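Values in this document were obtained by computation on a predicted structure and should not be read as measured data.
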Amino acid sequence: PDPDIPAEIFAIFYLVLALGARQLQLTGKGPSGRPDIGSSGDDVVYFEKAMSYYGEVVQLATIRTIQFNELLVLWYVSTGKRSLAHQTIGSVARLCLELGMHRHSKRNNWNPLTREVRKRTFWVCYILDSYLSTVAGVPRTLRDQDIDTDAPSNVEDDSVSSAGYLPSRTFEPSGMIAFVSLVKVSRILAQAQELLYTTATRSDTFAKISSLGRLLDQWQASLPEHMRLDFNEMAMMTPEEAAADLGRGAPEMVFTQLIWLYARLIVYRPALSFRQPNEALSASLTHLEHIPREIILLLSLVSDPIIGAKGVYC
């Protein structure tokens with residue numbers, strides 16, 4: 001290590017390498033050549049190097065601390081340590097609040113690059129907090145009514161600097177579009193937690209389910225062409241045609257579609273607890289019937305970083 005480079009940079013760097021080595025192992029692109037949830041050894045070496053800086057990084061209590069811990073949460077998720085992931089993201093969310101990252105960035109006189117990094121870092125925390133809280137079935141740490149920061153900009157990394165934003169040279173979607181879309185669907189997922197999975201009164205639940213369902217459909221319709229997917233059309237294709245169609249936007253398409261399906265499942269699932277049949281209940285049950293089929297169809301056709309070749313590996 002170069003003594004002139006801060007410890008937190010090395011900590012983040014080694015965690016990125018650890019996650020990369022872990023991903024290679026999970027996707028069968030590592031030394032063994034097949035998907036394996038076990039460790040190749042490389043990932044653990046990099047992880048231990050990163051954790052040797054843990055004390056120094058945590059004491060900083062800066063945006064670098066948040067970035068390091070967000071990567072640490074991803075490591076815990078990828079290694080099956082869900083409880084540790086949930087505990088860690090809780091402390092990260094608290095630090096985000098302490099540093100004011102939940103407030104609108106223009107309240108402070110930061111340059112555009114600093115504002116963009118702060119926004120991206122905060123929304124990563126928001127996504128992880130929303131997802132892990134949903135999986136664990138517990139309240140989120142970050143509440144929407146406390147947040148007024150703006151969404152991350154849909155611009156390429158090299159289009160923003162401390163001096164300002166550079167005009168785009170192309171009409172093609174930026175590489176940030178998947179992240180921006182993920183932020184939007186995570187906010188709908190958070191609304192579902194707030195409105196449907198609550199200890200407060202559950203009046204007008206069917207209306208809430210219908211409203212959230214429409215929001216998810218609108219989100220799906222707003223995706224750029226290369227990230228959209230028509231499951232009805234895909235079901236009519238041969239496996240070869242469907243795999244080729246998925247290849248247009250993979251892996252972003254596959255990942256965002258899985259998140260959309262998961263969010264729909266969370267939205268419509270409370271309908272299973274209602275006892276009196278009616279049209280709203282019937283509609284919700286129809287959605288719940290189709291969602292697992294679509295998930296299975298999607299996973300059966302792709303080989304992607306989050307699944308193994310030709311099979312479920314989540």
### Query
Is there a chain of hydrophobic side chains (I, L, V, M, F, W, Y, each step under 4.5 Å between heavy atoms) that links Val45 to Leu19?
no
#### Entry: Summary of salt bridge (charged side-chain N to carboxylate O under 4.0 Å, His left out) pairs that have at least one residue in residues 38-58, sequence neighbours excluded
Arg22-Asp43
### Set of residues satisfying ring pair (Phe, Tyr, Trp, His ring centres under 6.0 Å) with respect to Phe206, sequence neighbours excluded
Phe274
### Task
Give every residue pair that meets the salt bridge (charged side-chain N to carboxylate O under 4.0 Å, His left out) criterion with at least one member in residues 72-101, sequence neighbours excluded.
none
#### Entry: Rounded distance (nearest 0.5 Å) linking atom CD of Gln218 with atom NZ of Lys184
11.5 Å
#### Entry: Partner set under side-chain hydrogen bond (donor to acceptor under 3.5 Å, both in side chains) for Gln87, not counting sequence neighbours
Ser83
### Task
Mind jotting down which residue pairs meet the ring pair (Phe, Tyr, Trp, His ring centres under 6.0 Å) criterion with at least one end in residues 75-122? Sequence neighbours excluded, please.
Phe47-Trp75
#### Entry: Partner of Arg264 under side-chain contact (heavy atoms from CB on, under 4.5 Å), chosen from Ile266, Leu261, Val267
Leu261
### Query
Quick one: side chain to side chain contact (heavy atoms under 4.5 Å, CB included) partners of Asp217, sequence neighbours excluded?
Trp260
### Query
Considering residues at least two apart in sequence or located in another chain, which fulfil the side-chain hydrogen bond (donor to acceptor under 3.5 Å, both in side chains) criterion with Thr88?
none
### Query
Got a sec, which residues hit side chain to side chain contact (heavy atoms under 4.5 Å, CB included) with Val57, two or more places apart in sequence or on another chain?
Glu8, Ala11, Tyr53, Thr65, Phe68
### Task
Heavy atoms only: give me the nearest Asp129-Thr141 pair and the separation to one decimal.
OD2-N, 3.1 Å
## Note on the structure
Contacts of Pro292 meeting side chain to side chain contact (heavy atoms under 4.5 Å, CB included) (sequence neighbours excluded), chain-then-number -> none
### Asn69 side chain vs Val92 backbone, donor-acceptor pair below 3.5 Å
no
### Query
Which salt bridge (charged side-chain N to carboxylate O under 4.0 Å, His left out) pairs, counting each pair once, include a residue from residues 141-155, with sequence neighbours left out?
Arg103-Asp148, Lys119-Asp150, Arg140-Asp144, Arg143-Asp146, Asp144-Arg187
### Query
Partners of Leu223 by side chain to side chain contact (heavy atoms under 4.5 Å, CB included), sequence neighbours excluded?
Ser181, Trp219, Gln220, Met227, Arg228, Gln257
## Note on the structure
With sequence neighbours left out, the residues meeting side-chain hydrogen bond (donor to acceptor under 3.5 Å, both in side chains) with Ser210 are none
### Query
Under 3.5 Å, is there a donor-acceptor pair between the side chain of Ser130 and the main chain of Tyr126?
no
